[in-house]
> 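Sharing a structure here in C-alpha cells format.
None of the values given here were measured: they were computed from a predicted structure. In what follows, every heavy atom counts, from backbone to side chain, and hydrogens, waters and symmetry copies are set aside.
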Amino acid sequence: MKKNSTTRRTNYGPWLVGLGAALWGTESAWRIPLNQLFDAQVIVFWEHVLILLMLLPLLLSRLADLPKIDARTWGYLIFSAFAGSAVGTVFFTLALKYGNPTVVNVILNIQPLISTLGAFFLFGDRLTPRFFLYAGIAILAGIFLSVEHPTLIGESFEKAGLNLGTGYALVCALFWGLSTVAGRGTMMGMPLRLAASLRIAVGLICMTLILLMYRKLHRVSLWPPAAQAHMTTAIVALLLLASISGGIPLLIYFEGLRLTRASTAGYFEMMQTLAAVCITWGFFHAALHWHQVIAGIVLMAAVAMVQRAQAAVETSPIDREMSLSSDL
C-alpha cells in the first residue's frame with residue numbers, strides 16, 4: 001500500500017512542477033511593462049516584498065520548525081534563494097529588457113542540462129551516455145537560436161544579432177538550473193510551507209543587499225517618476241507578478257519538486273517556455289526568424305530526449321527519500 005501511494009505521488013509530482021512552471025511563464029506579461037517603469041533590481045525587490053506578505057502566515061505558522069533544520073538544508077535553501085529567487089530573476093528581467101523576449105524564454109531550456117549535471121554531482125543521479133549526445137545537440141541548437149543572422153557571425157557578433165539579452169539569459173539559465181538542484185535538496189530537509197516562505201524571505205534579504213550595493217534603496221529608485229506617472233499600471237502589474245506568476249506557482253512548484261528528482265524536474269520546467277512564448281510572441285509580437293524556430297524546436301526535442309534517456313537509467317538515492325512525508 002505504501003509503495004502504491006509513493007508511486008502515485010511521484011507520478012503527479014513532475015506535473016505539479018510543470019503547472020507551477022507554466023504559471024511562472026506568464027510573468028513576461030507583467031515584467032516587460034514593468035521594465036519601462038523600474039530598474040530590474042527594483043522590480044525583483046518589490047516582487048519579493050509582495051510575495052513575502054502573501055506567504056507570511058505560512059512562515060509564522062512554521063517558525064517552531066526552524067531549530068529542526070540542519071546546516072546542510074540551510075545551505076541548500078540559502079543558495080536556492082540567492083541563485084534562483086534573487087540573482088537569477090534579476091538576470092531574467094534584464095534579458096527581457098535587452099533581448100528578444102521569445103529568444104530569451106526559449107533559450108532558458110538549456111537549464112535542465114545544468115540541473116542534470118548538478119544532480120549528478122550532488123545527489124549521485126546517473127548520467128546515460130546518450131546525455132552527452134543530446135546535450136551537445138541542445139547546445140548547438142541554442143547557439144543557432146541566439147543568432148538572428150548566422151551568415152554574418154564571421155563579420156561580427158553585433159551584426160549577427162547577438163546582444164546583451166542573450167548573455168543575460170544564459171547567466172539566468174545557469175543560476176536557475178543550479179537553483180533547481182538546491183531546491184530539491186531543500187525539500188528533503190524541511191516542510192513545504194517553511195521552504196517556500198523562507199526562500200522568499202532569504203531572497204528579499206539578498207535583494208535588499210543588492211539594492212544597498214547599487215545605492216538604490218531610496219524613494220526615488222524604489223518608486224521612480226515613470227512609476228508615479230503610471231501608478232495604476234505599476235501597482236496592478238506588480239500584484240499580478242507577485243501572485244499569479246509568483247507566490248501561487250511557487251507553492252505548486254515546491255510541492256512537485258518534493259516528489260520529483262532534480263534531474264527530472266528540470267524538464268517539466270519547459271512548460272514555462274511554452275507559456276512564455278505564447279505571451280511574448282502572441283501579445284508582444286517578439287517573433288523569431290525561421291531558422292530560430294527550427295533551432296528552438298530542436299533544442300526542446302533534444303532536452304526531451306535527454307529526459308527520456310535519463311528516466312530509463314536513473315536509480316538515484318533521492319528515490320529513497322520520496323516516501324518521506326512533509327506537512328502541508
> Under 4.5 Å between side-chain heavy atoms, counting indirect links through other Ile/Leu/Val/Met/Phe/Trp/Tyr residues: same cluster for Met305 and Ile139 or not?
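Yes, it is one cluster - the side chains of Met305 and Ile139 are joined through contacts under 4.5 Å.
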
> Run Val171 and Leu94 through side chain to side chain contact (heavy atoms under 4.5 Å, CB included) and show every step you take.
CA-CA 11 Å; Val171 176; Leu94 289 170; over 6 Å; no

> Side chain to side chain contact (heavy atoms under 4.5 Å, CB included) between Met231 and Ile235: does it pass, once the steps are laid out?
CA-CA 6 Å; Met231 186 76 69; Ile235 294 175; 3.8 Å; yes

> Grab the two heavy atoms, one from Ala227 and one from Phe38, that are nearest each other, plus how far apart they are.
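Smallest interatomic distance, heavy atoms only, reads CB-CZ, 3.4 Å.
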
> Can you run down the salt bridge (Lys or Arg N to Asp or Glu O under 4.0 Å) pairs that involve residues 11-34, sequence neighbours left out, and say none if there aren't any?
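Listed once each, the pairs are Glu27-Arg31, Arg31-Glu47.
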
> Tell me whether Asn105 contacts the main-chain N or O of Leu108 through its side chain, where contact means a donor paired with an acceptor under 3.5 Å.
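Looks like no, no N/O pair under 3.5 Å.
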
> Any donor-acceptor pair under 3.5 Å linking the side chain of Ser221 with the backbone of Leu217?
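It does not hold such a pair.
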
> Can you find a pair of side-chain heavy atoms, one from Asn163 and one from Thr166, that are under 4.5 Å apart?
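Yes, close enough: below the 4.5 Å cut-off.
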
> How close do Phe284 and Pro33 get, heavy atom to heavy atom, and via which atoms?
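In terms of heavy atoms, the two residues are closest at CZ-CD, 4.1 Å.
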
> How many angstroms lie between NZ in Lys97 and CG in Leu164, if you round to the nearest 0.5 Å?
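Atom-to-atom, Lys97:NZ and Leu164:CG are 11.5 Å apart.
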
> When rounded to the nearest 0.5 angstrom, what is the spacing between OG1 in Thr280 and CG in Leu96?
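Spacing of OG1 (Thr280) from CG (Leu96) equals 8.5 Å.
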
> Only counting residues at least two apart or in another chain, list the ones meeting ring pair (Phe, Tyr, Trp, His ring centres under 6.0 Å) with Trp74.
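With sequence neighbours excluded, Trp74 shows a ring pair (Phe, Tyr, Trp, His ring centres under 6.0 Å) to no residue whatsoever.
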
> What distance do Thr233 atom OG1 and Leu238 atom CG have between them, rounded to the nearest 0.5 Å?
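Between atom OG1 of Thr233 and atom CG of Leu238 there are 10.5 Å.
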
> Quick one: do Tyr98 and Val104 end up in the same hydrophobic cluster if we chain Ile, Leu, Val, Met, Phe, Trp and Tyr together by side-chain heavy atoms under 4.5 Å apart?
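Shared cluster, no.
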
> Using every non-hydrogen atom in the two residues, find where Gln228 and Trp223 come nearest and quote the distance to one decimal.
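In this case the closest contact between Gln228 and Trp223 is NE2-O, 3.0 Å.
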
> Side-chain heavy atoms under 4.5 angstrom apart, residues restricted to Ile, Leu, Val, Met, Phe, Trp, Tyr: same cluster for Val44 and Ile32?
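In one cluster with Val44: Ile32, no.
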
> Is the side chain of Asp70 donor-acceptor paired with the backbone N or O of Thr73 at a distance under 3.5 Å, no angle test?
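Yes, because the side chain of Asp70 sits within donor-acceptor range (under 3.5 Å) of the backbone of Thr73.
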
> Check Ala22 against Ala275 and note the closest heavy-atom contact, atom names and distance.
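Looks like O-CB, 3.4 Å.
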
> Give a yes or no on this: more than 12 heavy atoms of other residues, nucleotides or ligands lie within 6.0 Å of atom NE2 of His230.
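Open: at most 12 neighbouring heavy atoms sit under 6.0 Å from NE2 of His230.
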
> Taking atom CH2 as the centre, does Trp15 end up with more than 12 heavy-atom neighbours from other residues, nucleotides or ligands that are less than 6.0 angstrom away?
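Incorrect, the count does not exceed 12.
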
> Side-chain heavy atoms nearer than 4.5 Å, only ILVMFWY residues, links allowed to pass through others: does that put Trp281 and Trp290 together?
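Linked, Trp281 and Trp290 end up in one cluster.
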
> Can you label the angle between the His291 ring and the His289 ring as parallel, tilted or perpendicular, going by 30° and 60°?
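Correct class here is parallel.
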
> Among Leu59, Leu53, Leu58, which residue satisfies the side-chain contact (heavy atoms from CB on, under 4.5 Å) criterion with Leu55?
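Between Leu55 and the candidates, side-chain contact (heavy atoms from CB on, under 4.5 Å) is satisfied uniquely by Leu58.
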
> May I ask you to test the Leu113-Phe131 pair for a side-chain heavy-atom distance under 4.5 Å?
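In short, these two side chains touch, coming nearer than 4.5 Å.
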
> Can you measure from CG (Leu122) to CG (Leu178) and round to the nearest 0.5 angstrom?
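So the CG of Leu122 and the CG of Leu178 are separated by 8.5 Å.
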
> Let me confirm one number: the CH2-CH2 distance from Trp176 to Trp24, rounded to the nearest 0.5 Å.
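Going from the CH2 atom of Trp176 to the CH2 atom of Trp24 covers 8.5 Å.
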
> Please tell me whether Leu174 and Phe82 are part of a single hydrophobic cluster in this structure, the criterion being side-chain heavy atoms less than 4.5 Å apart.
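In one cluster with Leu174: Phe82, no.
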
> Output the distance between atom OH (Tyr12) and atom CG (Leu19), rounded to the nearest 0.5 Å.
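Tyr12 OH to Leu19 CG: 13.0 Å, rounded to 0.5 Å.
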
> Using atom types as modelled and distance alone, determine if a side-chain donor or acceptor of Asn100 lies under 3.5 Å from a backbone N or O of Thr102.
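Yes; at least one donor-acceptor contact below 3.5 Å.
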
> Return the minimal non-hydrogen interatomic distance between Asp125 and Phe120, and the atom names on each side.
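For Asp125 versus Phe120, the nearest heavy atoms are O-CD1, 3.0 Å.
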
> What verdict does the side chain to side chain contact (heavy atoms under 4.5 Å, CB included) test give for Thr180 and Ile114, after you've listed the backbone C-alpha separation in whole Å, the side-chain angles of each residue and the deciding distance to 0.1 Å?
CA-CA 9 Å; Thr180 296; Ile114 299 169; over 6 Å; no

> With side chain to side chain contact (heavy atoms under 4.5 Å, CB included) as the test, would you mind laying out the steps for Val106 and Val277 before giving the verdict?
CA-CA 7 Å; Val106 176; Val277 168; 3.5 Å; yes

> I'd like a table of donor-acceptor pairs (distance under 3.5 Å, sequence neighbours excluded) in which one partner is a side-chain atom from residues 195-215, with atom names and distances.
from, atom 1, to, atom 2, distance (Å)
Ser197, OG, Arg193, O, 2.7
Ser197, OG, Leu194, O, 3.3
Arg199, NH1, Ser80, OG, 3.0
Thr208, OG1, Leu204, O, 2.8

> Taking the side chain as everything from C-beta on, heavy atoms only, tell me whether Tyr76 gets closer than 4.5 Å to Arg72.
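Yes, their side chains come closer than 4.5 Å.
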
> I need the minimum non-hydrogen distance between Gln292 and Phe144, along with the two atoms involved.
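It is CG-O, 4.1 Å.
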
